[in-house]
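Working notes for the structure below.
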Amino acid sequence: MVGPRVRFAPSPSGYLHIGGARTALFNWLWARRHGGKFIIRIEDTDQDRSSIESVRAILDALEWLGLDWDEGPEVGGPHEPYFQSERRDAYARAVETLIGSGHAYRCYCSKEELDAARAALKAKDAKAQFRYPGTCRDRTDRPDKPFVVRFKSPTEGATDFSDLVFGTVSTPNASQQDFVLVRPNGYPLYNLSCVVDDHEMGITTVARGRDHIGNTPQQVMLYRAFGWDVPELAHLPMMLSAKGDKLSKRHAAVSVREYRERGYTPNAVLNYLARFGWSYGDQEIFEKAELVELFDWKRVGKSDGKFDENKFADVAFEHLKEERLTSAEHYAAWIAPFLEGAGIRPDRELLEKALPLVRPRARTLAEAANALDFFFRETPELDDKAKKKFLTPEAVPYLQALRTVLGDSPAWEEEPLERRFREWVESEGLKMKQVAQPLRVALTGRTASPGLFEVMLVLGRDKTLERLEGAIRVASGG
RNA sequence: GGCCCCAUCGUCUAGCGGUUAGGACAUCGGCCUCUCACGCCGGUAACACGAGUUCGAAUCUCGUUGGGGUCACCA
């Protein structure tokens with residue numbers, strides 16, 4: 001048995017939305033799980049809203065997420081082209097078939113006329129719902145006027161389809177109308193191009209957001225009119241805002257790019273998205289490979305969810321914290337742009353030594369870069385408050401003593417350093433806290449940092465003593 | 001309003017006739033501690049409501065309520 005052919009079909013009218021990314025992910029997982037094909041198709045039949053920049057942005061985001069596609073833009077494939085704007089011949093042929101078989105007809109009513117009729121109806125009764133009255137349904141003449149092509153919807157009975165997530169969905173045909181298939185300019189509308197392409201591209205499973213469930217009956221009618229098999233359908237519960245309405249940029253960061261810029265790793269994004277509407281017992285954290293192995297439509301829930309930035313941030317954190325999830329190599333590669341953004345050209349060896357120290361302290365790569373930049377600077381950036389509070393003249397004798405105590409340590413390793421430090425603190429009748437903070441500020445420039453001794457170890461003897469010297473100068477009022 | 005769909009802690013969810021209704025995030029205590037974190041221990045917190053079916057319902061059925069989606073010559 002050949003694997004499933006699934007697709008992600010964005011319309012290029014902006015960035016890749018986090019909800020769209022989830023749709024792409026579920027499709028991708030299904031394809032990878034069963035050795036099928038993941039196809040990208042660009043739905044750019046609305047020329048006014050589509051842009052090549054958006055195509056680029058969406059593809060970039062998918063690439064960043066690691067949702068690689070087997071057919072589509074850039075990679076091509078047996079069903080080229082993968083841009084609907086370039087597939088008009090296919091739609092034209094399909095529509096002629098439909099007209100020929102009596103399933104569709106040309107409608108010469110102008111948009112203005114219908115808009116006026118709709119407005120008039122709404123004026124009389126705001127709750128009334130306007131339906132195309134069927135004016136041109138049975139007309140046989142072909143006036144020399146612009147026309148749209150409409151589908152001749154049945155008026156009785158119901159249209160049913162079976163959904164992998166929602167089960168059987170039944171819609172009365174009386175609630176449908178003769179929907180438009182082709183604009184006067186010859187461009188197809190969504191339902192037509194979608195059905196024609198899904199069929200021609202051999203799509204076996206159509207998975208998309210639940211907001212599409214409403215036009216699925218229309219698409220099913222089309223499949224039947226064409227005499228084609230209806231593919232498997234899977235609708236995903238909606239991702240709503242924290243308030244419970246449609247998730248948009250008013251509520252939160254909703255583009256994949258924004259999370260990338262915040263320093264979320266791709267696998268963390270995938271993890272959060274996967275767990276949104278899908279679950280696997282009590283497990284919260286998944287590697288990408290695990291998701292591929294475990295994903296199943298049976299475990300996709302039906303109820304909509306609310307996007308939760310806290311949970312998302314926690315998943316991001318979990319991925320950065322665990323080496324199992326983010327290897328040192330990946331961490332180093334991913335954090336590099338953030339360090340470079342802060343004017344640091346990270347030394348790879350130093351970086352890999354410093355990484356374990358920030359892992360439990362950074363929820364994002366941006367935080368991580370900020371938390372360990374002091375390792376890489378010639379001298380740490382000295383926080384003003386920290387300086388005022390801890391690099392005082394009173395601290396000078398302590399720092400001087402520490403320079404000797406630490407500098408004389410035979411071995412530059414955590415354990416002996418800490419032992420010497422503590423012995424000295426005790427012999428002086430001091431408390432750890434009294435000297436730890438000045439030393440921390442001396443070494444890191446700030447009051448919060450990883451443990452002193454691990455910092456010293458990563459810094460090495462020379463830099464540690466050098467920074468101590470520098471701090472003594474500052475504290476002495478230099 | 002028509003049509004479609006949904007309904008377990010604040011949030012994501014487990015549960016698929018018999019559980020002290022579990023986990024995670026968030027939140028609140030505590031422990032650890034050189035700071036900040038991590039970690040660990042513990043607390044608060046949910047089956048929307050009403051009828052059925054059943055010896056027994058969070059689980060099945062119906063209704064009510066609530067929420068969402070969609071009603072274009074957008075996708």
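To find a chain, count down the sequence lines: A is the first, B the second, and so on, and within it residues start at 1. All values below were derived from every heavy atom in this structure, side-chain atoms included, with hydrogens, water molecules and symmetry-related copies excluded.
Note on A:Pro172: only backbone sugar-phosphate atoms sit closer than 4.0 angstrom, heavy atoms only; bases stay farther off. Counting any heavy atom pair closer than 4.0 Å across all strands shown, A:Asn185 reaches no nucleic acid atom.
The CG atom of A:Asp304 sits 13 Å away from the P atom of B:rU11 (whole-angstrom rounding). Atom CG of A:Leu240 and atom P of B:rG69 are 6 Å apart (whole Å). Protein atom CG of A:Leu181 is 12 Å distant from nucleotide atom P of B:rC74, rounded to whole Å.
Using a 4.0 Å cut-off between charged nitrogen and carboxylate oxygen, A:Glu284 and A:Lys311 count as a salt-bridge pair.
Aromatic ring orientation, A:Phe312 versus A:Tyr264: perpendicular (interplanar angle above 60°, classes split at 30° and 60°).
Within the 4.0 Å cut-off from OP1 or OP2 of B:rA75, at least one side-chain nitrogen or oxygen of A:Thr45 is found. For B:rA24, the OP1/OP2 oxygens have no side-chain nitrogen or oxygen of A:Lys311 closer than 4.0 Å. Side-chain nitrogen and oxygen atoms of A:Lys302 include none within less than 4.0 Å of the OP1 or OP2 phosphate oxygen of B:rG68. A close approach under 4.0 Å does not occur between any side-chain nitrogen or oxygen of A:Arg131 and OP1 or OP2 of B:rG2. Neither OP1 nor OP2 of B:rG23 sits under 4.0 Å from any side-chain N or O of A:Arg275.
The pairing partner recorded for B:rU53 is none, the criterion being a Watson-Crick or G-U wobble arrangement whose two distances lie under 3.5 angstrom. Pairing for B:rU70 is with B:rG2, a Watson-Crick or G-U wobble pair whose two hydrogen-bonding atom distances lie under 3.5 Å. Across every strand in view, B:rG10 sits in a pair with B:rC25 that passes the Watson-Crick or G-U test at under 3.5 angstrom.
Between A:Phe453 and A:Arg210, it is A:Phe453 whose nearest contact on RNA chain B lies nearer the 5' terminus. Along RNA chain B, the nucleotide closest to A:Leu452 and the one closest to A:Lys111 are compared, and the more 5′ of them pairs with A:Leu452.
When the nucleotides B:rG23, B:rC34, B:rU11 are ranked by their closest atom to the side chain of A:Glu284, B:rG23 comes out on top. Listed nucleotides B:rC25, B:rC36, B:rG69 differ in distance to A:Arg361; the shortest reach to its side chain belongs to B:rC36. Taking the side chain of A:Glu43 as heavy atoms from C-beta on, and the options B:rA75, B:rC6, B:rC34, the nearest nucleotide is B:rA75. Distance from the side chain of A:Pro360 is smallest to B:rA37 among B:rA37, B:rA26, B:rA75. The side chain of A:Ile213 approaches B:rC4 more closely than any other nucleotide in the set B:rC74, B:rC12, B:rC4.
The salt bridge (charged side-chain N to carboxylate O under 4.0 Å, His left out) analysis of residues 421-443 of chain A, with sequence neighbours excluded, yields the pairs A:Glu418-A:Arg422.
Counting distance only, with no hydrogens placed and no angle test, the side-chain atoms of A:Arg49 and the base atoms of B:rC74 include a donor-acceptor pair under 3.5 Å.
Under 3.5 Å, the side chains of A:His319 and A:Tyr331 contain no donor-acceptor pair of N or O atoms.
The distance from atom CG of A:Leu372 to atom CZ of A:Phe374, rounded to the nearest 0.5 Å, is 7.0 Å.
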